[in-house]
Amino acid sequence: MAGEPILKVSHLKKSFGGVLAVYDVNFELNPGEFLGIIGPNGSGKTTLVNLITGFVKPDEGEVLFRGKNITGKMPYKIAGLGISRTFQMVRLFYNLPAYKNLIIPLCSSRFKKMRGGKYGERDDVAIDLLDDMGFERDSQVPYKVAGSLPHGYLKRLDLSRALALRPEVLILDELFSGMSMSEVASTLPLIEKFNEEGLTIIMIEHRLKELFRVVDRVMVLNYGIPIASGSPDEVMESEEVKKAYLGIHIDLD
Ligand SMILES: Nc1ncnc2c1ncn2[C@@H]1O[C@H](COP(=O)(O)OP(=O)(O)OP(=O)(O)O)[C@@H](O)[C@H]1O
Ligand SMILES: [Mg+2]
(Lines give C-alpha, C1' and ligand atoms only; values in the text may rest on other atoms or scores of the structure.)
(Ligands and ions follow the chains in the order given, each with its own letter.)
Protein backbone atom coordinates (compact mmCIF):
# COMPACT_ATOMS: atom_id res chain seq x y z
CA MET A 1 0.00 0.00 0.00
CA ALA A 2 1.40 3.41 -0.97
CA GLY A 3 2.43 5.55 1.97
CA GLU A 4 2.49 2.69 4.46
CA PRO A 5 5.37 2.89 6.95
CA ILE A 6 7.86 0.06 6.68
CA LEU A 7 8.20 -0.01 10.46
CA LYS A 8 5.78 1.19 13.11
CA VAL A 9 6.58 1.06 16.81
CA SER A 10 3.69 1.76 19.18
CA HIS A 11 3.71 2.20 22.94
CA LEU A 12 6.70 -0.06 23.40
CA LYS A 13 7.63 -0.65 27.04
CA LYS A 14 10.19 -2.82 28.79
CA SER A 15 11.47 -2.84 32.33
CA PHE A 16 14.13 -5.01 33.94
CA GLY A 17 13.26 -5.42 37.60
CA GLY A 18 12.81 -1.87 38.79
CA VAL A 19 14.60 -0.29 35.82
CA LEU A 20 12.38 1.20 33.12
CA ALA A 21 14.62 0.63 30.10
CA VAL A 22 12.12 1.65 27.39
CA TYR A 23 9.02 3.62 28.26
CA ASP A 24 6.28 4.31 25.73
CA VAL A 25 8.33 4.63 22.56
CA ASN A 26 6.39 5.46 19.40
CA PHE A 27 7.75 6.12 15.93
CA GLU A 28 7.19 5.34 12.28
CA LEU A 29 9.74 4.83 9.58
CA ASN A 30 9.00 5.28 5.88
CA PRO A 31 10.68 3.06 3.30
CA GLY A 32 14.14 4.43 2.48
CA GLU A 33 14.30 6.68 5.56
CA PHE A 34 17.47 7.04 7.61
CA LEU A 35 16.74 7.53 11.32
CA GLY A 36 19.37 8.27 13.94
CA ILE A 37 18.76 7.35 17.56
CA ILE A 38 20.88 9.00 20.21
CA GLY A 39 20.82 9.32 23.98
CA PRO A 40 23.15 9.12 26.97
CA ASN A 41 24.50 5.75 28.18
CA GLY A 42 21.74 3.55 29.58
CA SER A 43 18.94 5.50 27.89
CA GLY A 44 17.41 2.38 26.33
CA LYS A 45 18.78 2.45 22.77
CA THR A 46 20.03 -1.15 22.68
CA THR A 47 16.91 -2.37 24.49
CA LEU A 48 14.79 -0.70 21.81
CA VAL A 49 16.79 -2.53 19.11
CA ASN A 50 16.38 -5.79 21.03
CA LEU A 51 12.62 -5.24 21.24
CA ILE A 52 12.28 -4.56 17.50
CA THR A 53 14.46 -7.52 16.49
CA GLY A 54 12.94 -10.05 18.90
CA PHE A 55 15.91 -10.51 21.26
CA VAL A 56 13.83 -9.12 24.13
CA LYS A 57 10.06 -9.35 24.46
CA PRO A 58 8.19 -6.15 25.33
CA ASP A 59 6.00 -5.79 28.41
CA GLU A 60 3.60 -3.72 26.33
CA GLY A 61 3.27 -2.27 22.86
CA GLU A 62 3.73 -3.57 19.36
CA VAL A 63 6.02 -3.54 16.36
CA LEU A 64 4.58 -3.65 12.85
CA PHE A 65 6.75 -4.43 9.82
CA ARG A 66 5.00 -3.58 6.56
CA GLY A 67 1.73 -3.65 8.51
CA LYS A 68 2.37 -7.14 9.90
CA ASN A 69 2.55 -7.57 13.66
CA ILE A 70 6.00 -8.98 14.51
CA THR A 71 5.92 -8.23 18.24
CA GLY A 72 7.74 -10.87 20.26
CA LYS A 73 8.54 -13.12 17.29
CA MET A 74 11.80 -15.07 17.38
CA PRO A 75 14.86 -13.13 16.16
CA TYR A 76 15.50 -15.51 13.24
CA LYS A 77 11.91 -15.06 12.04
CA ILE A 78 12.22 -11.28 12.15
CA ALA A 79 15.56 -11.45 10.36
CA GLY A 80 13.98 -13.73 7.75
CA LEU A 81 11.30 -11.12 7.11
CA GLY A 82 13.99 -8.56 6.31
CA ILE A 83 15.06 -6.71 9.46
CA SER A 84 18.70 -7.26 10.29
CA ARG A 85 20.94 -5.68 12.87
CA THR A 86 24.47 -5.32 14.06
CA PHE A 87 25.47 -5.71 17.71
CA GLN A 88 27.08 -3.19 20.02
CA MET A 89 29.02 -6.17 21.38
CA VAL A 90 29.83 -8.18 18.27
CA ARG A 91 28.92 -11.87 18.30
CA LEU A 92 30.90 -13.81 15.75
CA PHE A 93 32.36 -17.23 15.05
CA TYR A 94 35.85 -16.29 16.14
CA ASN A 95 37.42 -19.64 15.26
CA LEU A 96 36.22 -19.56 11.65
CA PRO A 97 37.72 -17.71 8.70
CA ALA A 98 36.13 -14.26 8.42
CA TYR A 99 34.16 -15.11 5.27
CA LYS A 100 32.61 -18.20 6.87
CA ASN A 101 30.90 -15.89 9.36
CA LEU A 102 28.51 -14.98 6.56
CA ILE A 103 27.43 -18.56 6.07
CA ILE A 104 24.21 -18.43 8.12
CA PRO A 105 22.60 -15.50 6.31
CA LEU A 106 23.86 -16.83 2.97
CA CYS A 107 22.25 -20.22 3.69
CA SER A 108 18.95 -18.65 4.74
CA SER A 109 15.82 -19.26 2.74
CA ARG A 110 15.49 -15.47 2.47
CA PHE A 111 18.82 -15.19 0.63
CA LYS A 112 18.02 -18.18 -1.56
CA LYS A 113 14.63 -16.76 -2.49
CA MET A 114 16.04 -13.32 -3.26
CA ARG A 115 19.17 -14.21 -5.11
CA GLY A 116 18.53 -17.64 -6.53
CA GLY A 117 21.68 -19.35 -7.79
CA LYS A 118 23.45 -22.31 -6.30
CA TYR A 119 24.50 -22.67 -2.68
CA GLY A 120 28.01 -23.52 -3.92
CA GLU A 121 28.49 -19.91 -4.94
CA ARG A 122 27.98 -18.55 -1.45
CA ASP A 123 31.68 -18.43 -0.51
CA ASP A 124 32.27 -16.18 -3.53
CA VAL A 125 29.35 -13.99 -2.51
CA ALA A 126 30.78 -13.73 1.02
CA ILE A 127 34.23 -12.79 -0.22
CA ASP A 128 32.82 -10.22 -2.69
CA LEU A 129 30.80 -8.62 0.10
CA LEU A 130 33.79 -8.53 2.45
CA ASP A 131 35.98 -7.08 -0.29
CA ASP A 132 33.44 -4.25 -0.68
CA MET A 133 33.72 -3.68 3.09
CA GLY A 134 37.48 -3.22 2.90
CA PHE A 135 38.61 -6.80 3.61
CA GLU A 136 41.28 -6.78 0.95
CA ARG A 137 40.87 -10.03 -0.95
CA ASP A 138 44.35 -9.67 -2.44
CA SER A 139 45.88 -9.59 1.06
CA GLN A 140 43.90 -12.69 2.05
CA VAL A 141 42.09 -10.82 4.83
CA PRO A 142 38.71 -12.54 4.25
CA TYR A 143 40.43 -15.92 4.77
CA LYS A 144 42.00 -15.02 8.12
CA VAL A 145 40.52 -16.48 11.28
CA ALA A 146 38.02 -13.89 12.55
CA GLY A 147 39.48 -13.92 16.08
CA SER A 148 42.85 -12.77 14.74
CA LEU A 149 41.47 -9.58 13.20
CA PRO A 150 41.53 -6.12 14.82
CA HIS A 151 38.33 -4.84 16.42
CA GLY A 152 37.45 -2.48 13.57
CA TYR A 153 37.43 -5.43 11.15
CA LEU A 154 35.15 -7.37 13.49
CA LYS A 155 32.65 -4.52 13.47
CA ARG A 156 32.75 -4.47 9.67
CA LEU A 157 32.41 -8.24 9.61
CA ASP A 158 29.30 -7.95 11.77
CA LEU A 159 27.96 -5.31 9.35
CA SER A 160 28.69 -7.62 6.40
CA ARG A 161 26.83 -10.45 8.17
CA ALA A 162 23.82 -8.18 8.61
CA LEU A 163 23.95 -7.07 4.96
CA ALA A 164 24.34 -10.60 3.64
CA LEU A 165 20.72 -11.21 4.56
CA ARG A 166 19.72 -8.56 2.00
CA PRO A 167 17.62 -6.71 4.59
CA GLU A 168 14.94 -4.12 3.94
CA VAL A 169 15.60 -2.51 7.31
CA LEU A 170 19.10 -2.39 8.77
CA ILE A 171 19.66 -1.43 12.41
CA LEU A 172 23.18 -0.41 13.40
CA ASP A 173 23.93 -0.36 17.14
CA GLU A 174 27.07 1.71 17.68
CA LEU A 175 28.79 0.35 14.61
CA PHE A 176 31.55 2.94 14.84
CA SER A 177 32.63 2.26 18.42
CA GLY A 178 36.08 0.72 18.31
CA MET A 179 36.65 1.73 14.69
CA SER A 180 39.55 3.97 13.75
CA MET A 181 38.88 7.37 12.15
CA SER A 182 39.90 6.00 8.77
CA GLU A 183 37.60 2.98 9.16
CA VAL A 184 34.71 5.29 10.02
CA ALA A 185 35.59 7.50 7.06
CA SER A 186 35.54 4.56 4.67
CA THR A 187 32.45 2.84 6.12
CA LEU A 188 30.19 5.90 6.27
CA PRO A 189 29.94 6.39 2.47
CA LEU A 190 29.09 2.68 2.08
CA ILE A 191 26.20 3.04 4.51
CA GLU A 192 25.05 6.18 2.70
CA LYS A 193 25.17 4.31 -0.60
CA PHE A 194 22.97 1.48 0.75
CA ASN A 195 20.48 4.07 1.94
CA GLU A 196 20.51 5.84 -1.44
CA GLU A 197 19.79 2.46 -3.04
CA GLY A 198 16.64 2.19 -0.92
CA LEU A 199 17.68 0.46 2.30
CA THR A 200 15.84 1.80 5.37
CA ILE A 201 18.33 2.38 8.18
CA ILE A 202 18.21 3.03 11.92
CA MET A 203 21.58 4.06 13.26
CA ILE A 204 22.41 4.33 16.94
CA GLU A 205 25.62 6.22 17.39
CA HIS A 206 27.56 8.19 19.95
CA ARG A 207 29.67 9.73 17.16
CA LEU A 208 27.17 12.48 16.49
CA LYS A 209 29.19 14.40 13.93
CA GLU A 210 29.26 11.42 11.58
CA LEU A 211 25.67 10.43 12.36
CA PHE A 212 24.27 13.88 11.68
CA ARG A 213 25.93 13.93 8.29
CA VAL A 214 23.87 11.00 7.01
CA VAL A 215 20.50 10.83 8.79
CA ASP A 216 17.17 12.36 7.71
CA ARG A 217 15.89 12.57 11.26
CA VAL A 218 17.00 11.98 14.83
CA MET A 219 15.13 10.66 17.87
CA VAL A 220 16.61 11.30 21.31
CA LEU A 221 16.02 8.90 24.20
CA ASN A 222 16.58 9.67 27.84
CA TYR A 223 15.73 7.16 30.58
CA GLY A 224 13.85 5.13 27.95
CA ILE A 225 11.64 8.05 26.93
CA PRO A 226 11.81 9.90 23.59
CA ILE A 227 12.48 13.53 24.54
CA ALA A 228 12.99 15.01 21.06
CA SER A 229 12.62 14.14 17.40
CA GLY A 230 13.47 16.12 14.28
CA SER A 231 16.42 17.26 12.21
CA PRO A 232 19.85 17.16 13.90
CA ASP A 233 19.77 20.95 14.34
CA GLU A 234 16.27 20.86 15.81
CA VAL A 235 17.02 18.20 18.40
CA MET A 236 20.31 19.76 19.49
CA GLU A 237 18.45 23.04 20.10
CA SER A 238 16.00 21.32 22.47
CA GLU A 239 16.42 22.36 26.10
CA GLU A 240 15.49 18.84 27.25
CA VAL A 241 18.26 17.36 25.08
CA LYS A 242 20.79 19.88 26.37
CA LYS A 243 19.78 18.92 29.93
CA ALA A 244 20.06 15.18 29.16
CA TYR A 245 23.56 15.71 27.78
CA LEU A 246 24.59 18.09 30.59
CA GLY A 247 28.21 17.46 31.49
CA ILE A 248 28.73 15.17 28.50
CA HIS A 249 31.11 16.50 25.88
CA ILE A 250 29.54 16.58 22.42
CA ASP A 251 31.99 16.92 19.55
CA LEU A 252 30.20 18.31 16.51
CA ASP A 253 33.11 20.16 14.84
N1 LIG B 1 19.17 -7.67 30.29
C2 LIG B 1 19.10 -6.66 31.16
N3 LIG B 1 18.90 -6.89 32.48
C4 LIG B 1 18.81 -5.87 33.35
N5 LIG B 1 18.90 -4.58 33.02
C6 LIG B 1 19.12 -4.29 31.73
C7 LIG B 1 19.23 -5.31 30.73
N8 LIG B 1 19.42 -4.71 29.53
C9 LIG B 1 19.44 -3.39 29.77
N10 LIG B 1 19.26 -3.13 31.08
C11 LIG B 1 19.19 -1.79 31.70
O12 LIG B 1 18.27 -1.03 30.92
C13 LIG B 1 18.75 0.32 30.77
C14 LIG B 1 18.92 0.62 29.31
O15 LIG B 1 20.03 -0.11 28.80
P16 LIG B 1 20.46 -0.11 27.28
O17 LIG B 1 21.58 -1.05 27.13
O18 LIG B 1 19.26 -0.31 26.44
O19 LIG B 1 20.97 1.41 27.10
P20 LIG B 1 21.78 2.07 25.90
O21 LIG B 1 21.10 3.36 25.61
O22 LIG B 1 21.95 1.12 24.78
O23 LIG B 1 23.19 2.38 26.58
P24 LIG B 1 24.66 2.51 25.93
O25 LIG B 1 24.73 3.86 25.27
O26 LIG B 1 25.59 2.42 27.10
O27 LIG B 1 24.83 1.38 24.95
C28 LIG B 1 20.05 0.40 31.59
O29 LIG B 1 19.72 0.89 32.86
C30 LIG B 1 20.52 -1.04 31.64
O31 LIG B 1 21.30 -1.27 32.79
MG1 LIG C 1 23.58 0.34 23.82
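Atoms within a ligand are numbered from 1 in the order they appear, just like the ligands themselves.
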| message | What does the 4.0 Å heavy-atom contact list look like for ligand 1? | response | Phe16, Val19, Ala21, Pro40, Asn41, Gly42, Ser43, Gly44, Lys45, Thr46, Thr47, Gln88, Glu174, His206

| message | So, using ring pair (Phe, Tyr, Trp, His ring centres under 6.0 Å) as the criterion, who are the partners of Phe93 when residues are at least two apart? | response | none

| Value rounded to 0.5 Å, distance of CZ in Phe34 from CG in Leu29 | 10.5 Å

| task | Around the Mg ion (ligand 2), list the protein N/O/S atoms within a radius below 2.8 Å, excluding water molecules. | result | Thr46 OG1, Gln88 OE1

| task | Any side-chain hydrogen bond (donor to acceptor under 3.5 Å, both in side chains) involving residues 137-152? Give me the pairs, sequence neighbours left out, ordered by first then second residue. | result | Asp128-Arg137

| query | Is there side-chain contact between Leu7 and Ile52, with at least one heavy-atom pair below 4.5 Å? | reply | yes

| task | For the pair Phe27 and Ile202, evaluate side-chain contact (heavy atoms from CB on, under 4.5 Å) and give the outcome as yes or no after the intermediate values. | result | CA-CA 12 Å; Phe27 70 90; Ile202 298 176; 4.2 Å; yes

| query | Taking it one step at a time, do Ile227 and Val241 satisfy side-chain contact (heavy atoms from CB on, under 4.5 Å)? | reply | CA-CA 7 Å; Ile227 55 167; Val241 173; 4.1 Å; yes

| Any side-chain donor paired with an acceptor under 3.5 Å for Asp173 and Thr46? | yes

| task | For side-chain contact (heavy atoms from CB on, under 4.5 Å), just list the numbers for Ile6 and Asn30, CA-CA rounded to whole Å, side-chain angles, deciding distance to a tenth of an Å, and then say yes or no. | result | CA-CA 5 Å; Ile6 192 164; Asn30 290 320; over 6 Å; no

| said: Keeping Arg161 on the side-chain end and Arg85 on the backbone end, is there a donor-acceptor pair under 3.5 Å? | reply: yes

